[in-house]
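Working notes, beginning with the structure itself.
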Amino acid sequence: GLAHCVKNILNGIRSGSAVVERSIKAGQIDRIQEGWQRVHQNNGMLENLVLDMLSLARESKPHLFPTDVKYLAGQVCGLLSETAAERSIALECRSDEDMEDVLADPTHVYRCLLNLVSNAVDACDSGGRVRVRVGRRPGKGRLTISIKDDGAGIAPEDRARIFGEFFTTKGGRGTGLGLPVTKKLIDQMNGTIRFHSVPTKGTRFVIALPVHPDRKN
């Protein structure tokens, strides 16, 4: 599985490098930018693959700190806003007012959000929409993060495998490690992750993090 993922990424880097080389020889500056963007994207995929591999392979305890989840959600959406805009996808991020910090591992939370929001953007066609919502359920003792897209949805036969290692529906664009890593990190923080998907209508993932991390709510 790892060899397959690395091979796909290297093919992307090789393809982008070839575009850059041809464009330099032809003096086509705009084409150089196109090729470099392809190399840059695949370098990012390789970096994420290594981080996901480490997260799955090693046992570690989360480092819990008072964490402003709405700030992290805003950071992730800001990071991905340009990618979404290039594909004419609306990326919205909203949070409830006056939310308290939650004891969580901010690095874990950020990585989970980056995986889920990236997947949501990838799932949408041009003109699609991704909505990220952070809120607190009164009386439930937990904070929830919802990531909803209006993409093609997850096929019924794939749902039982969605958190399995190396399973991906994105072909060469996916590594099949993002969701397993996300679930592992959330489990380590005593949180939960669930999803609901309707074919042709889209998918919604919901993370719930306990305000008190020593128990699930």
Pairwise side-chain hydrogen bond (donor to acceptor under 3.5 Å, both in side chains) hits with a residue in residues 123-134, at least two apart
E92-R129, E92-R133

Whether the side chain of S146 engages the backbone of V132 through a donor-acceptor N/O pair (distance < 3.5 Å, no angle test) should be reported.
no

Residues forming a side chain to side chain donor-acceptor pair (under 3.5 Å) with T107, sequence neighbours excluded:
none

What I'd like to find out is whether the side chain of V76 reaches to under 4.5 Å of the side chain of L72, using heavy atoms alone.
no

Salt bridge present between D105 and R111 (N-O < 4.0 angstrom):
no

Sequence neighbours excluded, which residues qualify as side-chain contact (heavy atoms from CB on, under 4.5 Å) partners of T83?
none

Measuring only between side-chain heavy atoms, which start at C-beta, is I186 closer than 4.5 Å to C112?
yes

Who passes side-chain contact (heavy atoms from CB on, under 4.5 Å) against A160, sequence neighbours left out?
none

Residues at least two apart in sequence or cross-chain that pass side-chain contact (heavy atoms from CB on, under 4.5 Å) with C124, listed by chain then number, are I89, V130, D149, D150

Backbone N or O of F65 within a donor-acceptor pair of the T67 side chain at under 3.5 Å?
yes

Contacts of A152 meeting side-chain contact (heavy atoms from CB on, under 4.5 Å) (sequence neighbours excluded), chain-then-number -> none

Do the side-chain N and O atoms of N115 and T182 include a donor-acceptor pair separated by under 3.5 angstrom?
yes

